[in-house]
Amino acid sequence: MTLTAKSVSRVALVSSLVAAVAGAAVLLAAPASGAASTLAAAAEQSGRYFGTAVAANKLGDSTYVGILNREFDMVTAENEMKMDATEPNQGQFSFSNGDRILNQARNQGKRVRGHALAWHSQQPGWMQNMSGSALRSAMLNHVTQVASYYKGKVYAWDVVNEAFADGGGGGRRDSNLQRTGNDWIEAAFRAARSADPNAKLCYNDYNTDNWSNAKTQGVYNMVRDFKSRGVPIDCVGFQAHFNSGNPVPSNYHTTLGNFAALGVDVQITELDIEGSGSGQAQQFQGVTQACLAVARCTGITVWGIRDSDSWRSSGTPLLFDGSGNKKAAYTSVLNALNSGGTGTNPTTTTTTTTTTPGEQPGGCTATYSEGQKWSDRFNGNVTVSGTDNWVVTVTVSSPQKVIATWNTSPSWDSSGNVMTARPNGSGNSFGFTIQHNGNWSWPSLTCSVG
Ligand code: XIL
């Protein structure tokens with residue numbers, strides 16, 4: 001009896017060693033890209049950038065600059081390239097603070113998003129009192145001068161900022177610029193294109209995240225109209241300032257995807273989410289996943305580095321605390337970026353292979369490919385190779401739920417998150433529909449021989 005028990009335990013030990021080796025092989029086979037340890041490096045894996053707003057008066061703060069240099073590869077001047085900063089007196093331009101930010105970024109190999117050429121807010125005093133054709137010319141001159149000065153140095157410009165009204169109508173915001181005529185926006189875009197033909201030209205706004213908002217529809221219709229008439233527009237920025245009264249919408253991915261389908265890039269330009277802990281972390285994760293799910297969502301910018309740097313610091317809406325420590329929100333964004341962008345290459349597949357010790361050598365491979373997507377759900381298909389006698393587990397991340405399957409009759413664990421699928425005579429592939437509930441990440445798979 002004793003001998004038998006010993007030999008049984010020796011067999012068990014050998015089996016678990018084999019399993020450990022098989023597991024190690026799986027880890028080694030995983031893409032090295034999964035290991036990025038900064039926001040920029042993680043975003044770059046899918047060809048995206050991760051940026052932050054920078055304030056010139058913080059460039060002497062070594063903690064601030066340390067995080068900036070380490071984590072971000074895109075920079076927006078928080079205030080220093082706005083109309084009041086760059087043209088304090090009519091016809092007299094001042095670029096010194098904008099240049100400090102731009103040079104610091106470019107010296108570190110980072111790119112710059114210019115913000116903002118024309119806006120109803122933060123206008124210099126002289127402009128606030130202007131109207132009619134004098135204001136129209138002054139605005140166009142400002143766009144031309146500033147875009148020309150920074151020609152070749154900025155990746156993109158927010159050419160026009162916040163020109164649509166809040167509330168139900170979906171129309172333009174009243175402003176001195178709007179009162180110069182409805183074509184002021186396209187005039188600004190044309191002037192910017194002439195001044196810097198290689199900068200991407202963006203329209204930027206807030207409260208345009210929810211596809212059901214009238215404001216979102218208003219901006220969408222303008223972009224569609226611009227594209228149809230050849231008005232030069234390359235991108236749409238979503239500021240993404242969220243709080244409990246204005247949470248991340250569950251249809252964010254739909255909004256980004258629908259704008260992208262017009263033939264423009266989309267970008268999250270001023271992200272901050274008031275809150276703390278895991279609730280805040282989940283919302284940041286949702287925004288990151290929404291961007292990753294859209295091929296033309298080219299990057300995310302947060303509106304500041306530490307909570308104490310924020311324009312609404314009492315809401316602690318950023319990824320680093322006041323001491324520069326990484327928050328839970330930071331980790332959730334980094335992990336989401338490391339999980340990969342489905343949008344860049346929708347046919348990319350994820351593969352996990354596990355060999356069961358003592359069973360058929362060679363094991364099997366389960367390959368995931370993304371299927372159709374809707375606002376609330378998406379399809380996934382799995383193809384198995386290596387054996388006809390497979391057992392595939394599909395693990396979805398809460399709050400996702402599998403709501404339909406085909407070509408298999410799965411069993412479930414008690415959490416409802418792990419589905420075990422076997423062949424049911426339909427061949428070596430099966431599929432399912434996942435209701436995402438705001439989480440767009442792909443399921444993880446294991447394959448073993450049954
Ligand atoms: C904010 C800055 O963060 C503040 O420092 C400043 O006092 C006001 O402007 N939408 C925009 C940004 O496009 O330019 C704003 O930045 C925040 C809202």
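In listed order, ligands and their atoms are each counted from 1.
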J.: Minimum heavy-atom separation for M419 and P410, please, with both atom names.
T.: CG-CB, 3.4 Å
J.: Both conditions, 6.0 Å and 45 degrees, for the charged tip of R306 above the ring of F320: are they met here?
T.: no
J.: In sequence, state the C-alpha distance, the side-chain angles, and the governing distance for T393 and T446, and then conclude on side chain to side chain donor-acceptor pair (under 3.5 Å).
T.: CA-CA 5 Å; T393 65; T446 66; 2.5 Å; yes
J.: What orientation do F259 and F238 show, parallel under 30°, tilted 30 to 60°, or perpendicular over 60°?
T.: perpendicular
J.: Does ligand 1 have any N/O atom under 3.5 Å from a protein N/O, and what are those pairs and their distances?
T.:
| unit_1 | atom_1 | unit_2 | atom_2 | d |
| --- | --- | --- | --- | --- |
| ligand 1 | 3 (O) | E78 | OE2 | 2.4 |
| ligand 1 | 3 (O) | W303 | NE1 | 2.9 |
| ligand 1 | 5 (O) | E78 | OE2 | 3.3 |
| ligand 1 | 5 (O) | N79 | ND2 | 2.9 |
| ligand 1 | 9 (O) | K82 | NZ | 3.2 |
| ligand 1 | 9 (O) | Q122 | OE1 | 3.2 |
| ligand 1 | 10 (N) | E162 | OE2 | 3.1 |
| ligand 1 | 10 (N) | Q239 | OE1 | 3.2 |
| ligand 1 | 10 (N) | E270 | OE1 | 3.0 |
| ligand 1 | 13 (O) | H115 | NE2 | 3.3 |
| ligand 1 | 13 (O) | N161 | ND2 | 2.9 |
| ligand 1 | 13 (O) | Q239 | NE2 | 3.3 |
| ligand 1 | 13 (O) | E270 | OE1 | 3.3 |
| ligand 1 | 13 (O) | E270 | OE2 | 2.7 |
| ligand 1 | 14 (O) | K82 | NZ | 2.7 |
| ligand 1 | 14 (O) | H115 | NE2 | 2.7 |
| ligand 1 | 16 (O) | K82 | NZ | 3.3 |
| ligand 1 | 16 (O) | W303 | NE1 | 3.3 |

J.: Using the ring of Y49 (Phe, Tyr or Trp, six-membered ring only), decide whether K110 places NZ or CZ under 6.0 Å from its centre and within 45 degrees of its axis.
T.: no
J.: Indicate the atoms forming the closest heavy-atom contact of H253 with A293, along with that distance.
T.: CD2-CB, 3.4 Å
